[in-house]
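Report on one structure; see the data block that follows.
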2 protein chains.
Amino acid sequence: MATMPFNPPPPSSGRITLREVARALGVSVATVSNAYNRPDQLSASLRERVLETARTLGYGGPDPLASSLRRGRTGVIGVVFDAPLEYAFADPAAAQFLGSLAQALQGASLNLLLLASPGDGQADPLAPVRGASVDGLIVYSAAQNSELLRAVLSRGLPTVLVDQPALGDQPGLADQDRAARVGIDDAGGAAHAAQHLLELGHTQIGVLCLELGPRQGGGRVAPGRERQVSYHPTAERLRGYRETVAAGGADQPGHVRLHLTEAERNTLNDGETCALELLRAEPQITALLCMSDVLACGGLRAAQTLGWAVPERLSVIGYDDSPGSADLNLTTVWQPTSDKGRRVGEAMLTLMGGERRADVRLPTRLVVRGSTAKLRRLAL
Amino acid sequence: MATMPFNPPPPSSGRITLREVARALGVSVATVSNAYNRPDQLSASLRERVLETARTLGYGGPDPLASSLRRGRTGVIGVVFDAPLEYAFADPAAAQFLGSLAQALQGASLNLLLLASPGDGQADPLAPVRGASVDGLIVYSAAQNSELLRAVLSRGLPTVLVDQPALGDQPGLADQDRAARVGIDDAGGAAHAAQHLLELGHTQIGVLCLELGPRQGGGRVAPGRERQVSYHPTAERLRGYRETVAAGGADQPGHVRLHLTEAERNTLNDGETCALELLRAEPQITALLCMSDVLACGGLRAAQTLGWAVPERLSVIGYDDSPGSADLNLTTVWQPTSDKGRRVGEAMLTLMGGERRADVRLPTRLVVRGSTAKLRRLAL
DNA sequence: TGCCAGCTCTAAAACGATTCAGATTCTCCG
DNA sequence: CGGAGAATCTGAATCGTTTTAGAGCTGGCA
């Protein structure tokens, strides 16, 4: 039989509904609905007739929206970003996380809806979160104690917070049974990275920070701002660096100095710009602690631009160990990104199953590669 | 005023509806609805009372699902992948595409729903596409003439096909006014890559192919299979390689030989495995044409494992020019990935606006970096 | 024959909103 | 003072399903 051109829905009418199929056959709508959802509720022959009629009428099956409304379940989980997706995805680690998360949810027939705050438009940044038809929400990045976070919680849906402090630790918020938390040992990983540099003898260390807070400018970090970091991973990693330096400073007191700068966004370009500016201003720096591999990669570029050899002139450490970093020979702090995605998915399923929340904290560890080396005396 | 602990939805009752808010105030449901959606339809004072009552009752605003049903609009666009998302996201180019697509749609208050076919589970792979509540669908990767594609089209929604052949060119399908197409000059880009290698004098060229068809095995490509490539970009790029070699063969007839192998998935690991196998089996190969940067990166790893210097012993060319490739010094075929995302978004908006489809085809070009060099006689 | 069980199928009530077409009341002006 | 027109609010229909409770019928078994 020759293949016929695939016919788009119906001839052209408005939109066929279950009711019309039922009417065409002279059966009740319940029967048609059952033909699709509960085949055991009607005779095989009638079911076949229903499906056949539906086909000729161009009915594509029950409307998912109406179905969801009636059933009280959408089969969709929202993932909330507080940054424009354009930048959120610039980080391979984010992509990897999302991939494994999606994978974990797929087993339960759940799909992911990406919810990002509109960049700079005048649209309400909370509208997506407020108006999303979802069965649950996952907060991937949000400033602590933010309006965004409150909007999420006010939905009263099963919620998983990724890399967030405990709700109880945020002023004005209270822990909730339906809001689980999955995170990593941010500070510990940062501490390992800093320790590594100290052991290599570095004392003038640049720090490429992730954003400290939403919609700030980036650039050198004045001492005052360091107390008001509203992104949890940034705060924790910074704490890890600081505390290690303070502790290591016991041996060589006053010697180690951290030079902080903030990237406006977690992107290659911002990392490069930022690093370039810092290294030009403080050429005594011999090592760079970066809060993400993406930023570290920007740092490597900056070094190349300046003609500083890595690791001879400048040591660079990243954070995340994202997929491509091994190829760049980058020393970095590994975190179980895929695992994290999976655990977040599992936490969501657990919550949706009605269980109380159970928080998860995953380990990090240092991966030493070729971008770090012992300090050599500078010929300044 | 001291910040009070944020109170989760209501005390605890089931779920508050618009009707209950209306009843509590003794007004009609229409009024409450208007308080949220059409402030100009009631007095400011009443509106304030409505919102206030809603707050104390713990009503979080109109249910998005019910609202969507009534309005006939969900504010969601589905993106269809035919591969598990876990792998789809392994490609930075895919992530970049998605990011710019999301960005483009955000202007119209549209969010993205990720629809992937369940990996290997027994679940119906078409269920996500059939059952998604969306206003439009974007097909990111699908085998031509596949069931998946037909399922998408049968929804009768505005549809944008990315990197797909014209529907009319697929057996059994017909072009549709509501299905636009955005793609790149796949074959042209591939031709440039191949031409480059020919000019450098290479005659024994390995080709790392993207998947030829869904759920095949990967590995060396027998001559027969080359005719049955069901992924459009794969087919086109292969054609570009082949035709260039055939044309260039005019000068040095019979000399140039392409050794084809297929990666099971577009991932670093599969690329590496695949390249390793090929290079070990055919050590006379001096150059590698890869259909993606991810695969090329796998190729670079394989070369390193074998101790083959790049580009001295082995030239490597990628495809996409994804974000990290410059740092790997990879010669590659650039494609306007971000632009593509934006154009897809625009096409969707156009379609949703009721206009007929308008297809777009974007250019590609070769970016020569350090991973390719003139052929040196091998000391085999 | 009588009765219970098991199939099929149906009627009608949700699900939670939006919106059109009035019904009131208010305002303003000639 | 009368009436047009604006401002404000309401009733009821509708969006397209799912699902519960039960009606009719058939057949088996005592």
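Here is the naming used below: chain letters follow the sequence lines, and residue numbers restart at 1 for every chain.
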query = For B/V29 and B/Q41, take the nucleotide of DNA chain D holding the closest heavy atom to each; which residue's nucleotide lies nearer the 5' end?
reply = B/Q41
ask   = Given that B/S43 and A/V32 both sit by DNA chain D, which one's nearest nucleotide is further toward the 5' end?
value = B/S43
By the 4.0 Å heavy-atom rule, please label [X] as base, sugar-phosphate, or nothing.
X     : result
A/L46 : sugar-phosphate
A/L69 : base
A/T31 : base
A/S33 : base

Round to the nearest Å and state the distance from [X] atom [atom1] to [N] atom [atom2].
X     : N      : atom1 : atom2 : value
B/D63 : C/dT18 : CG    : P     : 9 Å
A/L18 : D/dT14 : CG    : C1'   : 16 Å
A/R73 : D/dT19 : CZ    : C1'   : 17 Å
B/R38 : C/dA17 : CZ    : C1'   : 13 Å
B/R71 : C/dA17 : CZ    : C1'   : 9 Å
B/R47 : D/dA7  : CZ    : P     : 17 Å
B/E48 : D/dC9  : CD    : P     : 14 Å
B/R19 : C/dA13 : CZ    : P     : 14 Å

Test item: B/L157 and B/D135 side chains (from C-beta on) under 4.5 Å apart, heavy atoms = no
B/T53 and B/Y59, any side-chain heavy atoms less than 4.5 Å apart = no
message = Could you walk me through whether B/E52 and B/R49 satisfy the salt bridge (Lys or Arg N to Asp or Glu O under 4.0 Å) test, starting with their C-alpha distance in whole Å, then the side-chain angles of each, then the deciding distance to 0.1 Å, before giving a yes or no?
response = CA-CA 5 Å; B/E52 167 63 19; B/R49 271 173 48 218; over 6 Å; no
ask   = Taking the inter-plane angle between the rings of A/F81 and A/F89 on a 0 to 90° scale, is it parallel (under 30°), tilted (30 to 60°) or perpendicular (over 60°)?
value = perpendicular
message = Looking at B/R23 and B/E20, is any side-chain nitrogen of the basic one under 4.0 Å from a carboxylate oxygen of the acidic one?
response = no
query = Can you find an N or O donor on one side and an acceptor on the other, under 3.5 Å apart, linking the side chain of A/R70 with the base of C/dA14?
reply = yes
Residue B/N34, side-chain atoms from C-beta onward, closest of D/dT17, C/dG16, D/dT10 = D/dT10
task = Would you mind telling me which of C/dA11, D/dG16, C/dT18 lies closest to the side-chain atoms of A/S28?
result = C/dA11
query = For A/Y59 and D/dT17, is the shortest distance between a side-chain N/O and OP1 or OP2 below 4.0 Å?
reply = yes
